[in-house]
Amino acid sequence: PRAHGWHEREDGRPCDEGDDECVPGGERTLVGGSVRGAGHGRAGFLAQGRAYIRFALENPSHYRVMFGGYVAKGDCESELGIESEAAFRVLVDALIELQQAGLVRHDDPHALAVFVWASVHGTAMLAIGGQLGRPDAPMDAIATFTVDRVWDAVAAPVPAPVSPPRTARSRPRARGR
């Protein structure tokens with residue numbers, strides 16, 4: 001399945017095709033490709049996670065069929081199976097790209113993708129099931145919080161700054177001498 005006009009602004013809000021604030025990207029698949037034009041680096045990762053959760057909120061029935069386990073993988077219509085596999089492949093590819101840029105830890109990209117997917121999938125399923133508070137709860141804020149914490153977990157550790165070794169000359173002198 002393809003969706004037309006499923007783009008987002010730089011800040012992650014959805015917009016209509018042709019909107020001047022849209023991220024370029026053209027026609028995209030419903031989940032996997034919907035975020036290819038979201039950018040690269042941390043911002044792209046965050047946009048991808050928010051788009052995944054937003055897709056679930058906007059298309060709960062389709063999302064449940066694709067990812068809810070209601071249809072056995074072997075019995076799944078090839079179109080839905082291809083769509084869900086494509087979405088996961090986009091995530092793996094994005095993580096590999098982020099690893100190559102030194103932004104994501106160098107763990108197994110498939111294992112990282114499973115962790116990321118499980119986190120955003122859990123949030124999406126709970127949200128569409130009405131399990132995340134009041135019906136008017138701010139889902140964008142919950143999605144952003146989830147994706148930010150997932151980023152914190154997969155981001156490459158920042159090495160502590162290395163101070164030059166102290167020498168006798170660089171040590172402060174004692175007062176009173």
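What you see is a predicted model, and the numbers here were worked out from it, not measured in a lab. Count residues from 1 along the sequence.
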If you take the centroid of each ring, where Trp contributes its six-membered ring, are His110 and Phe88 closer together than 6.0 Å?
yes
Between Phe45 and Val154, is any pair of side-chain heavy atoms under 4.5 Å apart?
yes
Honestly curious: do Ile53 and Phe145 fall in one hydrophobic cluster under the side-chain, below-4.5 Å linking rule?
no
Please check: side-chain N/O of Arg105 versus main-chain N/O of Ala153, any donor-acceptor pairing under 3.5 Å?
yes
Measure across Ala156 and Gly102 and return the closest heavy-atom pair with its distance rounded to 0.1 Å.
CB-O, 3.4 Å
Donor-acceptor contact below 3.5 Å, side chain Arg54 vs main chain Gly49
no
Closest non-hydrogen contact found for His106 with Gln99 is CE1-O, 3.0 Å
Determine whether Tyr63 and Met125 make a side-chain contact, defined as any pair of heavy atoms from C-beta on separated by less than 4.5 Å.
yes
Show the nearest heavy-atom pair for residues Leu91 and Ala113, with the distance to one decimal.
CD2-O, 3.4 Å
Interatomic distance, CG@Leu132 vs CD1@Ile142, rounded to 0.5 Å, equals 5.0 Å
Any donor-acceptor pair under 3.5 Å from Glu97 side chain to Leu95 backbone:
no
CD1 of Ile128 to CE of Met139, rounded to nearest 0.5 Å, is 11.5 Å
Separation between NE2 of His62 and CZ of Phe55, rounded to the nearest 0.5 Å
4.5 Å
Partners meeting side chain to side chain donor-acceptor pair (under 3.5 Å) with Thr146 (sequence neighbours left out)
Thr123
Would you please name every residue forming a side-chain contact (heavy atoms from CB on, under 4.5 Å) with Leu46, sequence neighbours left out?
Arg42, Arg50, Val147, Asp148, Trp151
